Each structure stands twice: as C-alpha cells, then as structure tokens.
Number of protein chains: 2
Amino acid sequence: MDKKQLILDAALKLFVEYGFHNTPTSKIAKEAGVANGTLFYFYPTKDELVKALYIDIKSRMTACMYENIQTGSSLRDIMKQYYSSSLQWTLAHATEFRFVEQFNTSAYLKQIAAEEVKKHMQPAMDLISKGIKDKVLKPMDVDMLFTLIGGHTFGVNQYLVSKQFSKAKQTQVIEETFEMLWGMIKN
Amino acid sequence: MDKKQLILDAALKLFVEYGFHNTPTSKIAKEAGVANGTLFYFYPTKDELVKALYIDIKSRMTACMYENIQTGSSLRDIMKQYYSSSLQWTLAHATEFRFVEQFNTSAYLKQIAAEEVKKHMQPAMDLISKGIKDKVLKPMDVDMLFTLIGGHTFGVNQYLVSKQFSKAKQTQVIEETFEMLWGMIKN
DNA sequence: GTCTATACACCGATAGAC
DNA sequence: GTCTATCGGTGTATAGAC
C-alpha cells in the first residue's frame, strides 16, 4: 500500500479519536509507519493533509453512493435508493462520517471551495428539482426540501449509530423512516 | 460585568471564528480585556474553559426555551411551542449554536458526563413519551421519534441560517415546516 | 483577584544525507 | 522518495509582585 494512503488512513483514525488539534503530525507519521519528513513530502502542511483527507473521503462516498443507483425507476424509487445508500454508507463507514461531521463544523470548511462542496450534492439537488417540476413532490423551495430531507436522513443516521441493531433491523428502520419521509414530501 | 463572564464571551467569539485549536488563551484574555494569568485563575486549564463554556451556553438555552412554554395547551401546541422556541433561539444565537455544533462533533463531548447532556433534552423526551402513550403520536420507539424530530429541526435551522429572511418569512417557514413535521409524526 | 514576566514543552516544518 | 536530526515559533501554564 502506498505511503500517501497510509498517512491518510492514520490521520483519519487519530483525528476522529483525538481531534485535529490534539493529533500531532509526529503521531500520524508513527501510526502510518513512515518518517515525519515523509508526511511533509506528500502534504506540504498539516492543513493540506486535513483538506486532502476530506476530499478523499467525500469522493469515495459519492462514488460509492451513485454507483448503485438504478436509473429508469420511478422518482420515488430512485430517492429511496439514494436514501438507503447514504444511510448504509455512514453505517459502514462510521469513522469517515465522524471525520466529515467534525470537518463540516470546523473553520476548515471555509477553506474548501464552494464548488467542491456543491459537487457532491448536485445529483440529489437535480433529482429534487425534477420531482418538484413533475409535481411528484410538494411545490416548495428546492433548498428547503433538500435540507428537510438532509435533516431527516441525519436524524435517522444518529439513531442507527446510537443503537446496535442487526442488519435486518437496520433495513427495517430505513424502510419505515423512508415511508415517513416520503409521506411528508410527496405531493 | 464580571471577568469570568467576559472571558467566556471572548472565548465563544474566537472559538467560533478560528476553532478551538487556533485560538490561544492569550488571544482570549486580550479579547476579554484581562490578563493571561487571570484566565487561568478562573479556569485551571484551557479544556476546562471549553467545557465551562459549553455548559454555560446549554444552560442558558434550556432556560430560555422552557421559559416560554404554556402548559395546559394540547400536546400538539406544546410541541409547536418547543419547535418554534428552539428554532428562534438558534436564529437569535447563531454564534452560540455554532459553538455547540462544533463541540458536539469534537472529542470534548466524551468529557462531558452523559447526564449533563441528557438533562437538557429530558423534558422533550417526556413530552414525546406522553404523546405516544396517549396515542396522539405514532406508536414508535421514543428515541427514534426524538431523533426524527431533532433531525427535522436541525434541517430547518440549517435552511433558515443559510437564507437571509425577514422575521415574517422566518415565522412562515417555521409554521409550514411544523405542519409537515406534525403530519409525519401524528397518529 | 489581577497583573507581568517567563519557563519550558511541544509541534510544525525544514535541511540534508542516503 | 524516504529517512534522521533539529530549529524556531508558539502557546499553556506557573511564579510571584501588587
């Protein structure tokens, strides 16, 4: 495995456990099994490392989520697939999710270009826009519907993470909460 | 104004702007108009200061929120009051809210006793429990309904903060989204 | 209680050999 | 590309006068 990735993996683990500030680069290098100087060979500053990690995780999440979407289904079914995919992803990548959460509420977020952030939610926005235009979804401001769906998903994720459910029970919760969400947003 | 509070105010402002780690105690003291040593007279460590600030804000938020609740109304109306109050509070205290968000996703959270965290959401939990028992709310796991409501509120808050609405428009959004929420959770 | 002055640990980043 | 060694800046926390 290449050292660049080993450094990212080590950084992820330590950042989530101790926070950005309480994780010295020396510890990251040690955890990754590389020398301190090597870290700075790949990432010119610690800040750059943090941002690179964010972009890396976001990209992998987006790729994974959009990979399994079956276009051609009804809008409702596509939305359900997105919904399920995103919840499944956070369940399977709890550490990554916690890092993203931490990053999103930190001062680092401003340092990431707005396009980089928007890029990942564009397909979902487009889907919602289409739903409103086709009168399948309630006639509301797209941004509002988007944040409503996002908030719902966030809440369910919190719930699933806080409990130790079996796969089957998780799937059931995802099904149930999607029905509730759909009932709220459908026209 | 007493120096202890001045320090908290300064810390809040700087933490939100630069993050915990990029805010040295020296800057906090300067912003508060006190000497560096004075800060450590009141708060033995920087960590203690961060935690004290969290508890201070949470307490003020809880006090303010529960102050304006009219008991005796229907459960639906009480919930609406809670909902409205909490959104109004975050709108009026955006900085405090961002600090709490940052704190909640940080490693500091573990250092706060679970009771301290639960204490602030207990009345809301009780209300939901009662609603389920009285068959006014859907028969579901209390925790799940709680996180669903929390997620919804969180989403709407994000939306309101991201837009620059007039008071009237804000109130309208709060009304509308409560109706959607209520439609989703009522039995 | 509040201040000034300072100790000293720590960590991000660099230099330079291999 | 990767390492070791180290420098210099920074920041938490303390000591001690008032």
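Just so we're clear, the structure is a prediction, and the values are computed from it rather than from any experiment. Chain identifiers are assigned alphabetically (A, B, ...) following the order of the sequence lines, protein sequences preceding nucleic acid strands; residue numbering begins at 1 within each chain.
Distances from the side chain of A:K3 to the nucleotides C:dC3, D:dT2, D:dT12 place D:dT2 closest. Checking C:dG1, D:dT4, C:dT4 against the side-chain heavy atoms of A:A35 singles out D:dT4 as nearest.
Not a single donor-acceptor pair under 3.5 Å links the side chain of B:H152 to the backbone N or O of B:M180. B:K80 places no side-chain N or O within donor-acceptor distance of the main-chain N or O of B:W182, the cut-off being under 3.5 Å. The main-chain N or O of B:L14 is found under 3.5 Å from a side-chain atom of B:T23 such that the two form a donor-acceptor pair.
A:Y159 and B:D143 share no side-chain donor-acceptor pair at under 3.5 Å.
Phosphate proximity of C:dC11 to A:T25: absent, as no side-chain N or O sits under 4.0 Å from OP1 or OP2. Considering only side-chain N and O atoms, A:Y41 lies under 4.0 angstrom from the phosphate OP1 or OP2 of D:dG1. Note on B:K4: every side-chain N or O is 4.0 Å or more away from OP1 and OP2 of C:dT2. Side-chain nitrogen and oxygen atoms of B:T38 include at least one within less than 4.0 Å of the OP1 or OP2 phosphate oxygen of C:dC3. Of the side-chain N and O atoms in A:K27, none sit less than 4.0 angstrom from OP1 or OP2 of C:dC10.
Taking atom NE2 of residue A:H21 and atom P of nucleotide C:dC10, one finds them 16 Å apart after rounding to whole Å. Whole-Å rounding puts the A:N36 CG to C:dG12 P distance at 8 Å. Here C:dT4 presents its P atom at 14 Å from CG of B:L39, a figure rounded to the nearest Å. D:dG11 atom P lies 16 Å from atom CG of B:D47, rounded to whole Å. Rounded to whole angstrom, the span from the CZ atom of A:F40 across to the P atom of C:dA13 amounts to 5 Å. One interatomic measurement links the two molecules: NZ of A:K30 to C1' of D:dT2, which rounds to 19 Å at whole-angstrom precision. Taking atom CD1 on B:I7 and atom P on C:dG1, their separation rounds to 12 Å, with Å as the unit. Put simply, CZ on A:F20 is 14 Å from P on C:dG12, counting in whole angstrom units.
Annotation: A:F154 is in aromatic contact with B:F154 [ring centroid separation under 6.0 Å].
Residue-to-nucleotide proximity on DNA chain C shows that, of A:P44 and A:N22, the 5′-proximal contact is made by A:N22.
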